[in-house]
Amino acid sequence: MALLRWNPFDVMTAWDREVQDMMGRALARPQTGTRTEWSWQPRSEVFKEDDKLVVRVELPGVDPQNDVEIELDGNVLRIRGQRSFDREVNEEDMFLSERIFGSFTRDLVLPEGIDPDQLSAAYDSGVLTVTMPVPSALGPKTRRIPVTNGGTAPTAIETGGTEQGEAADSATTG
């Protein structure tokens, strides 16, 4: 008989998501007098894929043509809209309802240097995907920072940074 090792963090991850969902529903303010229409925040992800920055937002049951607005304000991508009721059901006829309806807003901070003219958006199978070129400032750069130890000569440590720092370092150390 094989023994399975128990990992308490597996349980904690699932529990954490349940608590976050529950608290989000409990603390949200109703948009109307009903108990089923709330202000909510869709789940999202931002990642780099090849030479593009990709933002994906789960919006099942939302009409992207009529109910979604996307705008870029500086480096903040703001996605807002509304998921409407798809049918009217009397409360006494409802056995279970875990779906959330109402308005939503999602503000995602992106790296500096995004060109608003290069954004494109597509909606497929309940997922909104916004793509844009990766800004040049996002690339990996190295900078040397001198470290002094009391009265001894500086020692350099490499860290992530800008090319401007390299020029300043060569001026101070060379």
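Going from atom CG of L72 over to atom CG of L110 covers 6.5 Å, rounded to the nearest 0.5 Å. With rounding to the nearest 0.5 Å, the separation of NZ in K48 from CG in L53 is 9.0 Å. Between the CZ atom in F104 and the CD1 atom in I79 there is a gap of 8.0 Å [rounded to 0.5 Å]. Here I70 contributes atom CD1 and S120 contributes atom OG; the two are 9.5 Å apart, rounded to the nearest 0.5 Å. Considering CG of D51 and CE of M132, their distance stands at 12.5 Å, rounded to 0.5 Å.
Judged by distance alone, the side chains of E112 and N75 do bring a donor and an acceptor atom under 3.5 Å apart.
Residues E58 and R43 are not paired through a salt bridge, judged by the lack of any N-O separation under 4.0 Å between the basic side chain and the carboxylate. E71 and R80 are joined by a salt bridge, as a carboxylate oxygen and a charged side-chain nitrogen come within less than 4.0 angstrom of each other.
Summarising the geometry of Y123 relative to P60, their closest heavy-atom pair is OH-CA, 4.1 Å, with the distance given to 0.1 Å.
Between the side chain of D115 and the backbone N or O of D117 there is at least one donor-acceptor pair closer than 3.5 Å.
Under the rule for a side-chain hydrogen bond (donor to acceptor under 3.5 Å, both in side chains), the partners of D63 that lie at least two apart in sequence or sit in another chain are N66.
Hydrophobic clustering of Ile, Leu, Val, Met, Phe, Trp and Tyr side chains at less than 4.5 Å, counting indirect connections, keeps V55 apart from V127.
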